[in-house]
Amino acid sequence: MGAELKQFLGLIIFGNIENLILAAQGVAAHVNPVGLAGLSLIAVVCWLLIGTFATKAAMKYARVINFIGGLAIFILGIQSILGAIPGMLKFF
């Protein structure tokens, strides 16, 4: 992997985790899977375009972007857990 891309490795890993969290939230909320897939594809294409055309500008803010992405994943994870607790309590 190129040295210039190595600093974005965390974004690649945590971006995939974020997609899994969002997909799990969609399943828990009983969202139409075809609509969710379509919106996910639109989001991926938008990120591809942003990554393609704004990489040089974003490299200055790599640490800030990593922090914001990690914070978003943390908040979404807590939100998923809190949303699942009532369903888990039905089993007790």
Side-chain angles (χ1 to χ4, degrees):
M1 182 178 294
E4 66 275 355
L5 297 177
K6 194 172 186 179
Q7 62 184 342
F8 293 107
L9 185 61
L11 278 176
I12 293 170
I13 293 169
F14 290 119
N16 289 329
I17 293 170
E18 185 177 352
N19 287 337
L20 290 172
I21 291 170
L22 291 173
Q25 285 182 323
V27 170
H30 305 290
V31 175
N32 178 2
V34 176
L36 184 61
L39 290 173
S40 294
L41 286 173
I42 290 170
V44 167
V45 169
C46 288
W47 279 117
L48 176 65
L49 293 173
I50 290 169
T52 301
F53 297 112
T55 300
K56 287 185 181 181
M59 288 181 102
K60 291 188 257 182
Y61 306 104
R63 291 184 183 195
V64 174
I65 292 168
N66 274 331
F67 174 77
I68 292 171
L71 180 63
I73 291 167
F74 179 76
I75 291 170
L76 288 171
I78 295 296
Q79 183 182 11
S80 294
I81 291 169
L82 292 176
I85 288 175
M88 292 171 47
L89 294 177
K90 289 180 185 178
F91 292 110
F92 293 111

Under 3.5 Å, sequence neighbours excluded: what are the donor-acceptor pairs made by side chains of residues 73-83?
| from | atom 1 | to | atom 2 | distance (Å) |
| --- | --- | --- | --- | --- |
| Ser80 | OG | Gln25 | NE2 | 3.2 |
| Ser80 | OG | Leu76 | O | 3.0 |

inquiry  = Could you see if Val45 belongs to whatever hydrophobic cluster contains Phe53? Use Ile, Leu, Val, Met, Phe, Trp, Tyr and a side-chain cutoff under 4.5 Å.
reply    = yes
inquiry  = Measuring from atom CD1 of Ile65 to atom NZ of Lys60, what distance do you get when rounded to the nearest 0.5 angstrom?
reply    = 11.0 Å
task = Check which hydrophobic residues are tied to Val34 through side-chain heavy-atom contacts below 4.5 Å, counting indirect links as well, and list them.
result = none
